[in-house]
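What's counted below: heavy atoms across the whole structure, side chains too, no hydrogens, waters or symmetry copies. Because the structure is a prediction, the values reported are computed rather than measured.
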Amino acid sequence: PEYLRYYFAAKLSSSIEDIDLNFNDFLQRVNSDLVGKVVNIASRCAGFIHKNYADTLSENILNPELFNDFVNAGDKIAQCYQQREYSHTVRLIMALADRANQTIDANKPWVLVKEKGKEQLVHDVCSFGINLFRVLIIYLKPILPQMAQAVEAFLNVSPMDWASREKPLLNHTINRFKPLLQRIDSKQIEALKEAAMHEIKNTASEKSENSILKDFPIAETIEITDFQKIDLRIAKIIEAEYLEGADKLLKLIVDIGGETRQIFAGIRSAYTPEQLIDRHTVVIANLKPRKMRFGVSEAMVLAAGAGDKELWILSPDDGAQAGMPVK
């Protein structure tokens, strides 16, 4: 989840637009930004602190001006968060990560540690790197809450809030560094995609087994000329009543555009007459009249359903008028 949260944040802006999950871009951003820039700061500095300084940070700040730049950048970053400009937020944070890495590269603690008399400078450089890393994690905490929690355990601090960025950790004991994020490779991406496709297929298969089509399969295909013989019309139900002795039927009088038709519809189990009066629906207007013991049914109301008790007559959108053809 942390990987995806970071990737989505790097893509999101305050505007409403789609996001493409490009797996090549996803892999590059996670490995380059999160692992290569941010986590790398802590991993390259923590080893020196553990091995040479008993897991205790220096009481000095190597570059107070740069530290203040990191702290002051929080105002702009907070503003971007509040404005939902998350991609801009990520760019600002990664720019700071670049500066932190440049500072460590410029001082080369891995070289200085081999020089006699440079012990304090190595301590200051690596401690400064840890402090810059801490500020970066505070800025990333809204995006990476799980990673921030792991960093808090590593730094041996209480949960970090926005204001805590202003005070560096000096002469402070930290815990042994453990990998926070692992690089991902294309094989993991392919395995993820394969698992997702397998799940989709299983879900589709399960839906297919429970599909309504299993009980009501599609009928044989017909020619367009067969369909064109059917005259579908919008009808307004102007009268509806029960039929004595009919358990399933309602008697409807419908207006199909200046002409009325009598219909005996098998929808009694789903509707009362009061629910139907003044309602628009769709009927087959040119169906051959059918003589029944209650009279002649002169059209057919269209309804959807899986049984006698689950019926829904078709209703057009607002604006449709009685007599309009359904095309």
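- Here the side chain of R5 pairs no donor or acceptor atom with the backbone of L144 at under 3.5 angstrom.
- In this structure, R233 pairs ionically with D231, as a charged nitrogen and a carboxylate oxygen lie closer than 4.0 Å.
- Separation of atoms CG (L112) and CG (L121) is listed at 5.0 Å; rounding is to 0.5 Å.
- The two atoms that bring I130 and F154 nearest to each other are CD1-CZ, 4.0 Å, heavy atoms only.
- One finds the CD1 atom of I77 at 9.0 Å from the CZ atom of F70 (value rounded to the nearest 0.5 Å).
- Summarising the geometry of L302 relative to T281, their closest heavy-atom pair is O-OG1, 4.2 Å, with the distance given to 0.1 Å.
- For the atom pair CZ of R176 and CD1 of I49, the computed distance is 13.0 Å after rounding to the nearest 0.5 Å.
- The backbone N or O of C45 lies less than 3.5 Å from no partner atom in the side chain of H50, so there is not a single donor-acceptor pair.
- For K187 and E190, the salt-bridge test fails: no basic side-chain N is under 4.0 Å from an acidic carboxylate O.
- In summary, the aromatic rings of Y139 and W162 are positioned with their centroids under 6.0 Å apart.
- Other residues, nucleotides and ligands contribute over 12 non-hydrogen atoms within 6.0 Å of the CD atom of Q188.
- For V151 against M160, the heavy-atom pair with the smallest separation is CG1-CE, 4.4 Å.
- Residue pairs meeting the side-chain hydrogen bond (donor to acceptor under 3.5 Å, both in side chains) criterion with at least one member in residues 24-48, sequence neighbours excluded, are Y6-D33, Y7-D25, K11-D25, D25-R29, K37-D98, R44-N101, R44-D105.
- Considering CG of L132 and CG of L96, their distance stands at 9.0 Å, rounded to 0.5 Å.
- The two atoms that bring I238 and I277 nearest to each other are O-CG2, 4.1 Å, heavy atoms only.
- Between F128 and F67, the two ring planes are tilted [angle within 30° to 60°].
- The salt bridge (Lys or Arg N to Asp or Glu O under 4.0 Å) contacts involving residues 78-89 comprise nothing, where partners must be two or more places apart or lie in separate chains.
- Judged purely by atom type and a 3.5 angstrom limit, Q83 has no side-chain atom pairing as donor or acceptor with the backbone of S14.
- Looking at S297, its side chain never comes within 3.5 Å of a backbone N or O of I263 through a donor-acceptor pair.
- In summary, the side chains of S58 and D124 do present a donor paired with an acceptor at a separation below 3.5 Å, with no hydrogens or angles considered.
- Salt-bridge formation is detected for the pair K141/E152: a Lys NZ or Arg NE/NH1/NH2 atom is positioned less than 4.0 Å from an Asp or Glu carboxylate oxygen.
- Closest non-hydrogen pair, I184 versus I189, comes out as CD1-CD1, 4.4 Å.
- A salt bridge is absent between D255 and R279: the closest approach of a Lys/Arg side-chain nitrogen to an acidic carboxylate oxygen does not fall below 4.0 angstrom.
- Here the side chain of E119 pairs no donor or acceptor atom with the backbone of V113 at under 3.5 angstrom.
- To the nearest 0.5 Å, atoms CG (L180) and CD (Q146) are separated by 12.5 Å.
- A donor-acceptor contact shorter than 3.5 Å links the side chain of Q275 to the backbone of T272.
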